[in-house]
Colleague: 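The structure's right below; bear with me while I get my questions together.
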Amino acid sequence: MRVRAVVILAVCLAMLAPRAGGAQGSDARTPGMRSAPISDVRYAVTFRAANGVERAVDVRMTFTVGGWEPVLLSLPVWTPGAYEVSNYARNVSRFRADAGGKSLRWDKYAPDTWRIFAGNARDVTVSFRYRADSLDNAFTWARDQFALLNGTNLFLYPEGRSPDYASTVSIETEDGWRVATGMTQAARGTWTAPSYHELVDHPFFVGSFDMDSALVSGVWFRLSAYPAGSMTAAQRARLLDQLARAVPTEVAVFRDNPWKRYEVMQIADSGFGGMSALEHENSNVAIVGAGLLDEDFVPSVYAHEIFHAFNVKRLRPSEMWPYRYDAAQPTPWLWVSEGITDYYADLALVRGGVTSAAAFLATTQGKIDHVNQTAPIGLEDASLQTWLHMTDGTSDIYYDKGSLAGLALDIRIRDASDNAASLDDVLRALYDADYRHGRGFTGAEWWGAVSRAARSAGFGDFEEKFVDGREAFPWAAWLARAGWRLRSDTLREPRLGVQIAQDSAGVRVTFVDPAGVAAATGIEAGDVITRVDGIPTSDPAWQGWRKKFATREGAPLPITLLRGGRPVLLTATVRLATMITGRVEADPNATEKAKRIRDGILRGQTGK
Ligand SMILES: [Zn+2]
């Protein structure tokens, strides 16, 4: 998963793209639940023109019952990669179960488990309608001529039974509409999956959208872009060209090309304020603001999702192997699965020549600034608590801080091995030892692989201070070993002390620093800021207030907002805050060894 936002430095410490849906919760499951065995499982999803108007899809599941006890069928509470409990069962209506033309008795056995009394019936059909009006890459979303389908939302599984059952999916739709998915096609309109894990790892696009293909690392990558015409031919060609340059550097890390084909599935929507994408084994689904397709973060997010095909979809922490669908599945290792994935996204762009070394350093600097502006937090703690959507500004920090930890480990391994080994060796060793043997990696295996790559150097202090602990990363010392240095500048500038998210509804306040100006002024989370200093926030010029008030401590600053739909006019008092910003740059006095390490990181090479 990666969420990128258009960062509006004028007001926010950090800004996140809006997320649709997403509820918190936990799943108190009845222990020992076990369904009657079922076999010959077939799913069918209907998405026709009328479904788009009604913003709902119709789902059918047929199977053969192999016992006399009730059939217990559940929907997942989350989608792997999304790390939030979404309780998909709440979108189900018109549930029914039928056999031989007669309806069967059913009730709820647990909040997201249906109990069906099949009696003597063997061939059972279950059907329901699924509401599809939340735009989120882990949800099912329907428009007039288009639907995004996610299997975790739609496909029931038998409780207490092995997920290793094969099934088929049929898509029933209008003539002439397209279907895109990474699932294996079995026949016209029908796809097949060897297990429930695979079944729910292949989202579908159904309807009217553009398709293009290109060879990437010798594999066909297909780009499906909705709505049709949302990307120009030049934009589509440019994205595929960027992937053709970046992805081979990712394949090189693992020395494995695990795909027969790969599906890039993109929704561009004018109401979406950033970009959010979700990874799968051979596909990803991205949602991006319609006006943001030329932003630099677009290839970066795709490089991140495609690296995930290795790091998290295949190589992943033991706490998440195998995936479970009935409850949250926390792990202290998301800083590796997400943060180090983001480090490799940055590397893929510079190694593939999509961006320059200067852009890589600027991105790294942005991550250092983000961490410096966030309350100190251990990487393990940040990883574990992501399920809660923390409101103190730390909710996504394991991306940037984990990415920086990846850079730090890469530098230390290269330094200890005289650039003979790198973080690439760690990932590849675990991929071979764990993923290829059908298991997740443990903490002991992770640090063992790091230490081996670093010629037996110890990493206990690193783990204690920077992974378990909250100590600040000592950048001056670390960067020097890779021929870089950190220059810092101090500036004083006005700050409101809020975090915001911008979408078509306006600039929404998501977090108010209790010690900041906004709190003192009476601004609350949930307010929608409509004007600052008289300038509407729909006009990009509104961000100029900070420059205008840069030396005017104590001046009144009028802010208009909507609260509960009603306009409220407040007057803030400008306060200046000291900001430390830095710049990572090449050190002209770097040693020969440090220069080799620097070039090795940027080019994906080891050795002299
Ligand atoms: Zn991710």
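Remember, it's 1-based here, ligands and their atoms both numbered in the order they're listed.
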Colleague: Between R4 and D342, does any NZ, NE, NH1 or NH2 come within less than 4.0 Å of an OD or OE carboxylate oxygen?
Modeller: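 Yes.
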Colleague: Salt bridge between K401 and D381, side-chain N to carboxylate O under 4.0 Å?
Modeller: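 D381 and K401: not salt-bridged.
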Colleague: How about S337: does one of its N, O or S atoms come closer than 2.8 Å to the Zn ion (ligand 1)?
Modeller: no
Colleague: Side chains of Y302 and N284 only: does a donor on one sit below 3.5 Å from an acceptor on the other?
Modeller: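 Side-chain D/A pair, Y302 to N284: absent.
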Colleague: Could you grab the angle centred on the Zn ion (ligand 1), going from N in M1 to NE2 in H304, to 10°?
Modeller: 140°
Colleague: Tell me whether E338 has at least one N, O or S atom under 2.8 Å from the Zn ion (ligand 1).
Modeller: yes
Colleague: Using the ring centroid of each side chain, check whether F466 and W478 are separated by less than 6.0 Å.
Modeller: yes
